[in-house]
Amino acid sequence: MNCPICSKDSDKKYRPFCSKNCADIDLGRWFNGTYTAPSEEEDDLSALRDELEKTNRKPH
């Protein structure tokens, strides 16, 4: 199996990645929104939209 980040051979310790660095790159992509998991729930989107609107209404 190859590392999904850099295509080098994966390391058993960091599988499926080749190193801690590549594992951290992948984690960072999840944190910054590069990767997303689709939602089938319309309520999820509505709740998020409502929360964002509340946050934007607060005085600075």
Stepwise side-chain hydrogen bond (donor to acceptor under 3.5 Å, both in side chains) check, Thr34 with Asn32: CA-CA 6 Å; Thr34 301; Asn32 73 16; 2.6 Å; yes
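In terms of heavy atoms, Asp9 sits closest to Cys18 at O-CB, 3.3 Å. The nearest pair of heavy atoms linking Phe17 to Pro4 is CE2-CG, 3.6 Å.
Here the SG atom belonging to Cys22 is positioned 13.0 Å from the CG atom belonging to Leu27, to the nearest 0.5 angstrom.
A distance-only check finds a donor-acceptor pair linking the side chain of Ser10 to the backbone of Met1 [under 3.5 Å].
Summarising the local packing, CZ of Arg29 is surrounded by more than 12 heavy atoms from other residues, nucleotides or ligands at distances under 6.0 Å.
Trp30 places none of its side-chain heavy atoms less than 4.5 Å from the side chain of Thr36.
Salt bridge absent: Asp11 and Arg15 never bring a charged side-chain N and a carboxylate O closer than 4.0 Å.
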